[in-house]
Amino acid sequence: MGTTYGYARVSTREQNLDRQIDALLEFGVEDERILRDKASGKDFERPAWKRLVGLLKAGDLLVVKSIDRLGRDYDDIIQQWRRLTKELGVDVVVLDMPLLDTRGPEKGVTGTFIADIVLQLLSYVAQVERESIRQRQAEGIASAKARGVRFGRPPKAKPKNWRRTREDFLAGHITRKEAASRLHVSPTTLGRWLREEESRSS
């Protein structure tokens, strides 16, 4: 029998690990063998995770509360899963998803095979959902633009002395820098306003 380890993760320091820790302790993981990260799940560059992988060896068991505690990206999760189960020879149990248990239902190859299939399915569903979200966002933006909705910052209102300052600048009485200073804007904003006025009048 190898050693049983637990892994718990939350994304921010303000979040609480207690619920995950309680589940791991109830499973039978010893408290000193539960490694904890308070870090984003966007990748696996986390101190406790890297320390855990360095400890794991063939025959050990890794227990997590749910699959999203490993990470957010299923492609990365699959890569890490295969590293653990195939390269290191570690069994993995996900408490919230009994099918993700490489020890069973028939320990060994069958359990690992079933877990691989479930992970691939989860990865596919997550990818389809990401694409669906992007499509809905694109359709929503296109629909909003068609209705005249403008995105981005609202345009900066021109000050009351805009007309007089513009006339003085175009007549050559003041420089661009002086005009921008008088209007309390940057020369870039002044240039944009001048172009907008020119396009309206053309």
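For CZ of R134, the number of neighbouring non-hydrogen atoms (other residues, nucleotides, ligands) closer than 6.0 Å is greater than 12. The number of heavy-atom neighbours closer than 6.0 Å to NZ of K42, taken from other residues, nucleotides and ligands shown, is 12 or below.
The salt bridge (Lys or Arg N to Asp or Glu O under 4.0 Å) test applied to E32 returns no partner, not counting sequence neighbours. Considering only residues two or more places apart in sequence or on other chains, D96 meets the side-chain hydrogen bond (donor to acceptor under 3.5 Å, both in side chains) condition with K65. Every ring pair (Phe, Tyr, Trp, His ring centres under 6.0 Å) that F44 has, sequence neighbours left out, goes to W49. By the salt bridge (Lys or Arg N to Asp or Glu O under 4.0 Å) test, D168 is found to be paired with R164, R182, residues two or more places apart in sequence or in another chain being considered. Under the rule for a side-chain hydrogen bond (donor to acceptor under 3.5 Å, both in side chains), the partners of R147 that lie at least two apart in sequence or sit in another chain are S143. Not counting sequence neighbours, D73 has no partner by the salt bridge (Lys or Arg N to Asp or Glu O under 4.0 Å) test. A search for side-chain hydrogen bond (donor to acceptor under 3.5 Å, both in side chains) contacts involving K50 returns E45, not counting sequence neighbours. The salt bridge (Lys or Arg N to Asp or Glu O under 4.0 Å) check on E30 picks up R33, with sequence neighbours excluded. The side-chain contact (heavy atoms from CB on, under 4.5 Å) test applied to I117 returns F113, not counting sequence neighbours. For D68, the side-chain hydrogen bond (donor to acceptor under 3.5 Å, both in side chains) partners at least two apart in sequence or on another chain are S66.
Residue pairs meeting the ring-ring contact (aromatic ring centres under 6.0 Å, His included) criterion with at least one partner in residues 173-197, sequence neighbours excluded, are W162-W193.
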Got a list of side-chain donor-acceptor pairs under 3.5 Å for residues 81-89, not counting sequence neighbours?
from	atom 1	to	atom 2	distance (Å)
T85	OG1	W81	O	2.9
K86	NZ	D116	OD2	2.6

